[in-house]
Structure formats: structure tokens, C-alpha cells
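Read through the structure below, which is laid out as C-alpha cells, and then see the notes.
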Amino acid sequence: MAKRFWLMKSEPSSFSIDDLRQKKTTLWDGVRNYQARNFMTNEMKVGDEALFYHSNADPPAAVGVMTISGAAEPDPTQFDSEDSHYDPKATPGRPIWYGVRVKFKSKFARPVSLPEMRSHKALQKMVLLQKGSRLSIQPVTEKEFEIVCKLGSKKNPESKK
DNA sequence: GCCAACGTTGGC
DNA sequence: GCCAACGTTGGC
């Protein structure tokens, strides 16, 4: 099956691209939305690539790329009553929430901000840009993925003016 | 099954 | 800090 592309959000105040770069790999935990979970359990494959997106940041932006390195597994934070993601309805025998393992691939030379993506003609259909879209894990097309990566690899996007 | 109330996300 | 949009819960 062909490689697919994703966008995954994290608030940099809790986990940033630099944290991932340092750790190299992490379990993408804390997802508590069924649609986002289903992407991880049903659709993601090891080897897929994802844009790392900083939400609630200034500015919100795509900041790098990671690789899906491990299939979905139960998210341990759902069982931990001390954790803010604790879910009392979940048990180890019947987990509700899952996470995939991700591996750092690259950090962009510069962030590709939300307004920049919004102003880009070829990115208009990105799930991220749709009104009211809050999905923390979402598919992106290969083309969208490539465009964002290309924008992120340029040091001086404004110089072409 | 409907829908009001509530909690959360996330841009601004 | 505000608030629009969304998802979930629970009464009926």
C-alpha cells in the first residue's frame, strides 16, 4: 500500500518539535477524539509521514516532519488516574484510546505558519484550513505535504517579492 | 432519538 | 481572555 501523509497537532508548551528531536521517538499519546484515534488505529501504517503542527502557538505553524514508526498501541495515560488524560471507563483489558509511535525526521528551516498556508492557493483544501476544523490528527494529500515541506525548506520566502 | 447543556479546542 | 465551532453527555 502506498505511503500516506498526515498532520498531527501538539501544543509546543506540552510537547514541541524540539522535544521530539531530542527524544528521537515518542508514543503519540493523549488523543481523546474518536475520529483522530480511528485514523491511528485503522489507517496509519508504519512508514507513513506526518507534518508536526504547533497548535496554540504564536504563530500556529507546521514545523517539521516525522515518520510513523510503530503501529497503534494502547495509550497508557488512559489508565493513570494521576494523568490529565485519565479515562475511568478504560481498563487494560478493554482500552479505549490508542497512540502510534512516531520518529523525528526533520525540523523545517523555518515554520510554515497557518496564515501562510491559508494564503497558498494549492493548500485551500487542507483539512486544517476548513472552517471549524479541530481534528488533531488529519490526512493531508501528498501534494499538500510536499508543498508545505518545500515552503519550510526555504529560508527567505518573502524575498521573492 | 432529540437536543440543551456543558466541556474542549484552538485561533485571534 | 474571548469566543466560535465542535464533540460528548444525559434527561426526556
Side-chain angles (χ1 to χ4, degrees), chain A residues 4-23 26-44 48-66 68 72-102 104-141 143-145 147-152 154 157-158:
Chain A
R4 294 183 61 181
F5 300 89
W6 307 92
L7 179 146
M8 299 168 81
K9 298 180 185 175
S10 178
E11 302 195 12
S13 58
S14 63
F15 191 79
S16 72
I17 184 79
D18 290 323
D19 294 326
L20 181 62
R21 177 161 63 178
Q22 195 175 4
K23 287 186 70 181
T26 195
L27 185 69
W28 200 264
D29 61 14
V31 172
R32 294 294 179 271
N33 171 282
Y34 289 104
Q35 211 180 335
R37 180 202 66 181
N38 292 345
F39 281 133
M40 292 195 289
T41 56
N42 304 345
E43 314 229 10
M44 276 184 183
D48 284 0
E49 293 190 43
L51 297 168
F52 194 127
Y53 178 83
H54 280 173
S55 62
N56 265 312
D58 190 20
V63 291
V65 174
M66 52 197 172
I68 308 306
E73 58 185 280
D75 174 349
T77 65
Q78 69 194 304
F79 310 126
D80 179 0
S81 60
E82 305 289 295
D83 195 281
S84 63
H85 297 292
Y86 176 60
D87 186 340
K89 294 194 290 296
T91 65
R94 267 178 177 266
I96 300 173
W97 305 109
Y98 290 78
V100 291
R101 183 153 289 277
V102 297
F104 177 82
K105 183 171 183 196
S106 63
K107 181 181 175 179
F108 290 158
R110 64 175 192 86
V112 181
S113 74
L114 181 64
E116 182 176 1
M117 290 188 263
R118 190 156 270 148
S119 68
H120 200 291
K121 277 214 171 58
L123 298 179
Q124 293 310 300
K125 293 199 172 150
M126 279 185 84
V127 176
L128 182 71
L129 306 184
Q130 303 316 304
K131 187 179 158 146
S133 167
R134 309 188 311 194
L135 257 187
S136 64
I137 295 181
Q138 49 185 259
V140 301
T141 67
K143 204 152 244 151
E144 290 162 350
F145 183 87
I147 290 170
V148 173
C149 288
K150 199 164 176 186
L151 292 170
K154 287 192 212 160
E158 307 300 333

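The sequence lines fix the lettering, A, B, ..., with proteins before strands; numbering per chain opens at 1.
Contact footprint of chain A on DNA chain C: nucleotides with an atom under 4.0 Å from a non-hydrogen protein atom, first to last in 5' to 3' order, C/dA5 to C/dT9.
Residue order along DNA chain C, read from the 5' end via each residue's closest nucleotide, puts A/N56 first among A/G132 and A/N56.
Remark: the backbone N or O of A/G99 is not paired with any side-chain donor or acceptor of A/E73 at under 3.5 angstrom.
No side-chain heavy atom of A/I68 sits less than 4.5 Å from a side-chain heavy atom of A/W28. Annotation: side chain of A/F108 is in contact with side chain of A/V148 (closest heavy-atom distance under 4.5 Å).
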Output, in order, the C-alpha distance, side-chain angles, deciding distance and verdict of side-chain hydrogen bond (donor to acceptor under 3.5 Å, both in side chains) for A/R134 and A/S55. CA-CA 10 Å; A/R134 309 188 311 194; A/S55 62; over 6 Å; no
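The six-membered or imidazole ring of A/F52 lies away from that of A/W6, with a centre-to-centre distance of 6.0 Å or more.
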